[in-house]
There are 2 protein chains.
Amino acid sequence: MSTLSEVARRAGVTSATVSNVLRNRGRVGEQTRQRVLEAVEALNYRPHLAARALAEGRAPTIALMVSSIANPFYPEFALAVEREARKSGHFVIICNTNEDPHAGRAYLDQIAGTLSEGVLVMNANLDFDDLHKTQARGAPVVLCMWERPDDPPGLPCIAVDFRLAGQLAAKHLIELGHRRIGAIVGSKPSGIHASRYEGFIDAMREAGLKVPAKNVRYAPDTIQGGYTAARDLLEHDANMTAIFATNDLPALGTMHAAADLGRNVPRDLSVIGITDIQLAQQSRPPLTTVAVPTVEAAELAVTLLRDLIERPTRKHGAHQKAPRMCVTSEPRLIVRGSTQKR
Amino acid sequence: MSTLSEVARRAGVTSATVSNVLRNRGRVGEQTRQRVLEAVEALNYRPHLAARALAEGRAPTIALMVSSIANPFYPEFALAVEREARKSGHFVIICNTNEDPHAGRAYLDQIAGTLSEGVLVMNANLDFDDLHKTQARGAPVVLCMWERPDDPPGLPCIAVDFRLAGQLAAKHLIELGHRRIGAIVGSKPSGIHASRYEGFIDAMREAGLKVPAKNVRYAPDTIQGGYTAARDLLEHDANMTAIFATNDLPALGTMHAAADLGRNVPRDLSVIGITDIQLAQQSRPPLTTVAVPTVEAAELAVTLLRDLIERPTRKHGAHQKAPRMCVTSEPRLIVRGSTQKR
DNA sequence: CTGAAAGCGCTAACAT
DNA sequence: ATGTTAGCGCTTTCAG
């Protein structure tokens with residue numbers, strides 16, 4: 001690793017000048033400029049980002065906290081985050097909390113504000129206290145997918161109207177003529193998917209339909225979780241004609257369960273999910289789902305974070321404004337092959 | 001962000017002492033120690049990792065270059081990398097090259113050796129020249145999944161015997177009684193999957209079987225790619241009873257194609273892949289595949305990289321040893337539901 | 001056991 | 001147009 005001053009010496013100038021040509025700051029004579037560039041080339045010099053970060057008082061990275069990158073939804077999101085982050089020269093550090101608040105805290109303590117300028121939080125099951133502390137230390141935090149635009153979390157966030165997503169899904173099923181509809185909720189009862197379920201209930205009630213508790217299952221947010229829940233549901237009520245899942249993964253599991261039970265989707269059973277992950281297009285039949293603006297959310301999240309980094313909110317001001325919230329465009333129904341008229 | 005010296009001042013000591021207690025270096029009196037800890041707590045102090053990195057001349061991160069984190073295989077790998085990296089206090093920066101050597105170079109130029117101590121390369125389609133330059137600059141590079149243990153790439157690497165994987169897959173099909181077997185190769189003809197295909201050919205030849213060119217397709221390494229290729233294959237040879245794909249994703253696509261063509265898997269068509277990604281267990285029927293030791297490869301890769309970081313090879317020594325190569329344990333066949341006797 | 005001081009590689013005024 | 005000079009926050013000898 002050669003350094004700035006080595007380059008400077010070789011070019012017969014001072015390091016300030018080298019810095020200037022490298023960053024196109026200040027005026028530099030064309031010839032010196034050339035000599036510097038040659039020296040850079042000759043020495044295979046690259047600026048030391050950590051040193052630069054220290055000198056500038058900023059960092060070229062942001063952290064993305066997720067519960068586990070192995071959940072197929074997150075990579076899609078992470079990819080979008082990275083794309084957007086690159087625009088401002090930020091690298092992204094992926095932090096897998098594995099749903100463990102302790103691991104999450106460890107990450108925040110180490111990274112936030114030192115290695116990374118800010119942190120994006122995506123369903124990582126973090127302690128809000130830790131998040132506030134992180135903010136207080138000067139590292140902006142933004143929640144990437146807040147599920148309730150009508151109920152701000154007290155932290156900057158990107159909100160997606162997931163209640164609406166639930167409504168849309170239920171309405172679709174109802175319009176198709178389904179009445180006995182089961183629900184699989186991919187979280188604990190008042191967990192992250194609660195508002196999706198509420199939306200579902202809303203639409204059902206509006207149509208004069210009840211959802212008895214025995215038609216609802218809470219399950220892990222995975223294909224396997226959906227599979228188990230769906231089997232359970234289907235075995236308890238052979239007349240159920242449709243199943244709504246709060247996420248695509250359990251919906252996919254539901255299709256498998258149906259297949260194993262000899263029920264054809266969509267003929268015997270309609271299935272709908274939420275999100276529209278890539279896999280949703282690739283199942284047989286392709287999954288009908290309510291698409292959520294993932295990429296948009298990612299871009300907004302990075303943009304908001306950047307903004308917070310640029311214009312730090314005064315931490316101890318008397319008139320602390322409410323944390324900013326951006327709402328994405330609305331979720332929309334994508335009809336594919338897993339639902340049909342009954 | 002409070003700093004070391006602020007903490008020092010508050011504790012009535014000097015920053016060297018604070019540094020010592022924080023890192024358990026040097027001897028520190030118990031009482032001073034306590035006072036320092038209190039000050040740290042009171043100020044909500046966290047060490048500035050970039051500053052520390054600069055002072056120590058090392059960095060707390062490693063970079064993982066992948067073509068796109070959205071390919072479902074990579075997140076599994078990335079997760080394992082991260083777990084292992086954490087053990088030595090390294091964070092991982094994900095670099096999506098998007099198969100673009102130019103993007104890859106840009107990443108290497110910026111990150112390697114400054115923000116991150118070393119780089120892990122996973123099928124990122126990088127220029128070997130760039131990789132060598134990176135190394136020369138002092139940032140160790142390791143290739144994470146080299147496909148041919150018998151043909152070292154001239155860079156440190158983790159090798160997986162993918163030729164064997166191809167053989168295992170073919171043998172399984174042959175033992176099941178299949179003779180007319182199609183192949184879908186998930187790369188360009190002499191691309192990354194070549195050795196898997198060679199292994200397949202080997203086993204076929206050994207069994208006295210030919211693979212006419214018309215029974216082979218080169219396709220993108222995706223579900224969709226496999227789907228298209230399989231349809232093509234099946235429509236050209238209605239008597240084909242099995243298809244071997246060099247990767248799970250195209251194998252999954254093959255199953256979809258079969259379904260759409262009214263061919264039952266495994267009754268009418270056996271399908272086998274390579275890798276054993278999580279999705280392989282979750283298809284209907286579950287996919288028979290040759291499992292590759294992903295997690296092991298990830299761990300070895302990080303370990304090797306760490307080693308290279310610790311003990312830098314002299315770059316210009318006369319007796320430059322051949323770059324180190326670690327070979328993982330062997331791939332092994334996992335029989336599930338997508339293959340059967342014919 | 002603790003303090004003083006130098007320096008990691010770079011940037012950013014301020015001089016010249 | 002280029003050089004000088006201070007740091008950024010931390011670690012690390014080396015003294016005391």
Side-chain angles (χ1 to χ4, degrees), chain A residues 1-37 39-40 43-60 89 109-117 137-139, chain B residues 1-37 39-40 43-60 89 109-117 137-139:
Chain A
M1 293 283 325
S2 34
T3 71
L4 242 207
S5 54
E6 283 170 29
V7 174
R9 196 174 329 128
R10 191 178 224 273
V13 297
T14 184
S15 52
T17 303
V18 179
S19 178
N20 278 335
V21 354
L22 258 29
R23 342 196 56 220
N24 291 312
R25 294 284 181 72
R27 253 140 291 289
V28 186
E30 189 46 32
Q31 351 202 14
T32 0
R33 179 187 181 67
Q34 283 309 329
R35 262 185 301 135
V36 167
L37 258 18
V40 164
L43 294 174
N44 194 14
Y45 167 81
R46 295 295 177 279
H48 193 297
L49 262 36
R52 179 179 281 179
L54 186 57
E56 285 184 319
R58 20 182 343 195
D109 278 352
Q110 294 188 78
I111 288 206
T114 70
L115 240 200
S116 69
E117 284 194 305
R137 232 182 295 126
Chain B
M1 293 286 321
S2 33
T3 72
L4 243 208
S5 56
E6 284 170 29
V7 173
R9 197 176 326 129
R10 190 178 225 271
V13 296
T14 183
S15 52
T17 302
V18 178
S19 178
N20 278 335
V21 354
L22 256 30
R23 339 201 59 218
N24 292 311
R25 293 287 179 72
R27 255 140 287 290
V28 186
E30 189 47 33
Q31 352 202 13
T32 356
R33 179 187 181 65
Q34 283 310 328
R35 261 184 304 135
V36 167
L37 258 18
V40 164
L43 294 175
N44 194 16
Y45 168 81
R46 295 295 178 279
H48 193 296
L49 262 36
R52 179 179 283 181
L54 186 57
E56 286 183 319
R58 20 181 345 195
D109 278 352
Q110 294 188 75
I111 287 206
T114 69
L115 239 201
S116 69
E117 283 193 305
R137 234 182 292 126

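So you know, we letter chains A, B, ... as the sequences are listed, proteins then strands, and number each from 1.
Of the two residues contacting DNA chain C, namely B:S15 and B:E56, the nearest-nucleotide position lying further toward the 5' end is that of B:S15. Mapping B:R46 and A:V28 onto DNA chain D by nearest heavy atom places A:V28 at the nucleotide closer to the 5' end.
Nucleic acid contact for A:G29: sugar-phosphate only, since backbone atoms but no base atoms lie under 4.0 Å from a heavy atom of the residue. Within the 4.0 angstrom heavy-atom criterion, only backbone atoms of the sugar-phosphate kind lie near A:T17; the bases stay farther away. Nucleic acid contact for B:T32: sugar-phosphate only, since backbone atoms but no base atoms lie under 4.0 Å from a heavy atom of the residue.
In 5' to 3' order, the nucleotides of DNA chain C bounding all contacts with chain A (an atom under 4.0 Å from a heavy atom) are C:dG9 to C:dA12. Counting 5' to 3', DNA chain D first comes under 4.0 angstrom of a heavy atom of chain A and last does so at the ends given by D:dA1 to D:dG9.
Judged as a salt bridge (Lys or Arg N to Asp or Glu O under 4.0 Å), and not counting sequence neighbours, the contacts of A:R23 are A:E56. Residues passing the salt bridge (Lys or Arg N to Asp or Glu O under 4.0 Å) test with B:R25, sequence neighbours excluded: none. Legend: residues meeting side chain to side chain contact (heavy atoms under 4.5 Å, CB included) with A:E30, ordered by chain and number and at least two apart, are A:R33, A:Q34. Among residues two or more places apart in sequence or in another chain, the side chain to side chain contact (heavy atoms under 4.5 Å, CB included) test is passed with B:L54 by A:H48, A:A51, A:L54. The side chain to side chain contact (heavy atoms under 4.5 Å, CB included) test applied to A:A139 returns A:A112, A:T134, not counting sequence neighbours.
In plain terms, the two heavy atoms of A:I111 and A:S116 that are nearest each other are CG2-OG, 2.7 Å. Closest approach of A:T114 to B:M1, counting heavy atoms only: CG2-CE, 3.9 Å. Here the closest non-hydrogen pair linking B:A53 and B:A59 is CB-CA, 4.1 Å. Smallest separation of non-hydrogen atoms from A:P60 and B:L115: CG-CD1, 4.0 Å.
Defining each end axis of the helix from C:dC1-D:dG16 to C:dT16-D:dA1 as the rotation carrying four pairs' C1' atoms onto the next four, with five pairs an end, the two axes are found to diverge by 40° to 10 degrees.
Of the residues in residues 2-12 of chain A, those lying under 4.0 Å from DNA chain C by heavy-atom distance are A:T3, A:L4.
Pairs of residues two or more places apart, or lying in two chains, that qualify as side chain to side chain donor-acceptor pair (under 3.5 Å) and include a residue from residues 4-19 of chain A are A:T3-A:S5. The salt bridge (Lys or Arg N to Asp or Glu O under 4.0 Å) contacts involving residues 44-54 of chain A comprise A:R46-B:D109, where partners must be two or more places apart or lie in separate chains.
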Let me see the working for B:V7 and B:L22 under side-chain contact (heavy atoms from CB on, under 4.5 Å), right down to the final yes or no. CA-CA 11 Å; B:V7 173; B:L22 256 30; over 6 Å; no
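None of B:N20, B:V28, B:V21 except one satisfies the side chain to side chain contact (heavy atoms under 4.5 Å, CB included) rule with B:V36; the exception is B:V21.
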